[in-house]
Amino acid sequence: EAGVTQFPSHSVIEKGQTVTLRCDPISGHDNLYWYRRVMGKEIKFLLHFVKESKQDESGMPNNRFLAERTGGTYSTLKVQPAELEDSGVYFCASSQDRVKQFFGPGTRLTVL
Amino acid sequence: QKEVEQNSGPLSVPEGAIASLNCTYSDQGSQSFFWYRQYSGKSPELIMFIYSNGDKEDGRFTAQLNKASQYVSLLIRDSQPSDSATYLCAAEEGGADGLTFGKGTHLIIQP
């Protein structure tokens, strides 16, 4: 069974540009989560989808971040416009039972 | 604000010994607790979860939970060099969506 995949693995952009991160969950997992780890800090929850619906987006930092999951399969997280403090590793996780969350390898975003 | 605290380490343990990793949490509403292992540059991998006070064993791993003290631990018996990694403790409040993570403890098993 394929695990959670994320694309790209690395992204380097300039401040003010737009970046879109993609996550493909494990097939059949209705629950999809986005997390972020800023350097030196702990992994922090951003939001949770159940199928295509946003269940909890309380962790989203501000309105420059937009997450979508059209069709309830893969999800995208767009940052527009990117700021320096957005740099970090963005993890996606999926779950079938809302207990065990399986993490992807992450996208390392660097904003210059 | 919910917090999960871990000693960042590094924690150095000789091969074959017991590695003991500790975690405390601030939110008394937390219901479930998770230990993830993360190798450098890789994704966090779930190795144990625990809901009830007491011990839960799975192979060489034992998770321990003490809700009165708001304390979670992970014991790794017969430590192997392949156990060298960062161990992340996470808590989930009942009904909440996301996990609250600690910063992780870097464990080094010395051959």
Side-chain angles (χ1 to χ4, degrees), chain A residues 2-7 9-10 21 23-26 29-51 53-61 67 69 75 77 88-108, chain B residues 1-10 21-27 29-52 56 58 61 63 65 72 74 85-106:
Chain A
V4 177
T5 58
Q6 293 187 244
F7 182 83
S9 56
H10 294 85
L21 314 180
C23 168
D24 286 77
I26 293 171
H29 283 193
D30 288 339
N31 297 279
L32 187 149
Y33 306 80
W34 283 99
Y35 291 86
R36 175 175 75 170
R37 185 169 197 165
V38 172
M39 185 178 292
K41 302 283 189 180
E42 65 277 14
I43 296 172
K44 281 196 177 291
F45 168 75
L46 297 179
L47 87 160
H48 171 215
F49 284 99
V50 177
K51 297 185 181 179
S53 300
K54 292 177 186 175
Q55 286 294 112
D56 180 356
E57 51 185 330
S58 60
M60 294 287 264
R69 193 182 181 196
S75 175
L77 179 64
V89 181
Y90 289 77
F91 289 104
C92 174
S94 73
S95 176
Q96 189 172 51
D97 58 8
R98 294 189 62 168
V99 173
K100 298 185 288 290
Q101 295 186 26
F102 297 89
F103 280 72
T107 293
R108 182 174 295 278
Chain B
Q1 184 175 355
K2 304 172 193 177
E3 288 186 341
V4 173
E5 299 287 342
Q6 295 181 257
N7 188 322
S8 62
L21 302 157
N22 305 312
C23 166
T24 59
Y25 60 95
S26 64
D27 185 6
S30 295
Q31 299 287 318
S32 309
F33 304 88
F34 303 81
W35 283 100
Y36 283 82
R37 177 177 62 197
Q38 187 177 24
Y39 295 112
S40 181
K42 302 295 185 182
S43 56
E45 174 192 7
L46 180 64
I47 53 173
M48 291 284 290
F49 60 93
I50 187 166
Y51 305 94
S52 304
K56 179 181 178 182
D58 184 2
F61 299 96
L65 173 60
V72 192
L74 178 71
T86 295
Y87 288 80
L88 303 167
C89 176
E92 180 186 50
E93 184 180 358
D97 289 46
L99 298 175
T100 301
F101 279 89
K103 290 186 180 180
T105 298
H106 183 204

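Just so it is clear: chains get the letters A, B, ... in the order the sequence lines come, proteins before strands, and each one is counted from 1.
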d(A:E42 CD, B:E5 CD) to nearest 0.5 Å is 8.0 Å

Quick one: pull up CD in B:E92 and CZ in A:F45 and give me the separation to the nearest 0.5 Å. 10.0 Å

So A:F103 and B:Y36, do their side chains get closer than 4.5 Å, heavy atoms only? yes

With a 4.5 angstrom heavy-atom cut-off, is it the side chain or the backbone of A:R108 that approaches chain B, or both, or neither? neither

Contacting region of B:Y51 [heavy-atom separation from chain A under 4.5 Å]: side chain

Between A:Y33 (side chain only) and B:L99 (backbone N and O only), is there a donor and an acceptor less than 3.5 Å apart? no

Could you check if a side-chain atom of B:P44 sits within less than 4.5 angstrom of a side-chain atom of A:I43, using non-hydrogen atoms only? yes

If you draw a 6.0 Å radius around NZ in A:K54, do more than 12 non-hydrogen atoms from other residues or ligands fall strictly inside? yes

Heavy atoms only: give me the nearest B:Q38-A:F91 pair and the separation to one decimal. NE2-CZ, 3.6 Å

If you draw a 6.0 Å radius around CZ in B:F61, do more than 12 non-hydrogen atoms from other residues or ligands fall strictly inside? yes

Neighbour count above 12 (heavy atom, 6.0 Å) for A:Q96 CD: no

Locate the shortest heavy-atom distance separating B:K103 from A:R37; write the atom from each residue and the value. O-NH2, 2.7 Å

Which atoms of B:Q6 approach chain A - backbone, side chain, both or neither, heavy atom under 4.5 Å: neither

Nearest atoms (heavy-atom pairs only) where B:S43 meets A:G104: CB-O, 2.8 Å

For chain B, find which of A:K44, A:K100, A:Q6, A:Q101 contributes the most heavy-atom pairs closer than 4.5 angstrom. A:Q101

Any non-hydrogen side-chain atom of B:F49 less than 4.5 Å from a side-chain atom of A:V99? yes

Checking heavy atoms, do the side chain of A:V4, its backbone, both or neither come under 4.5 Å from chain B? neither

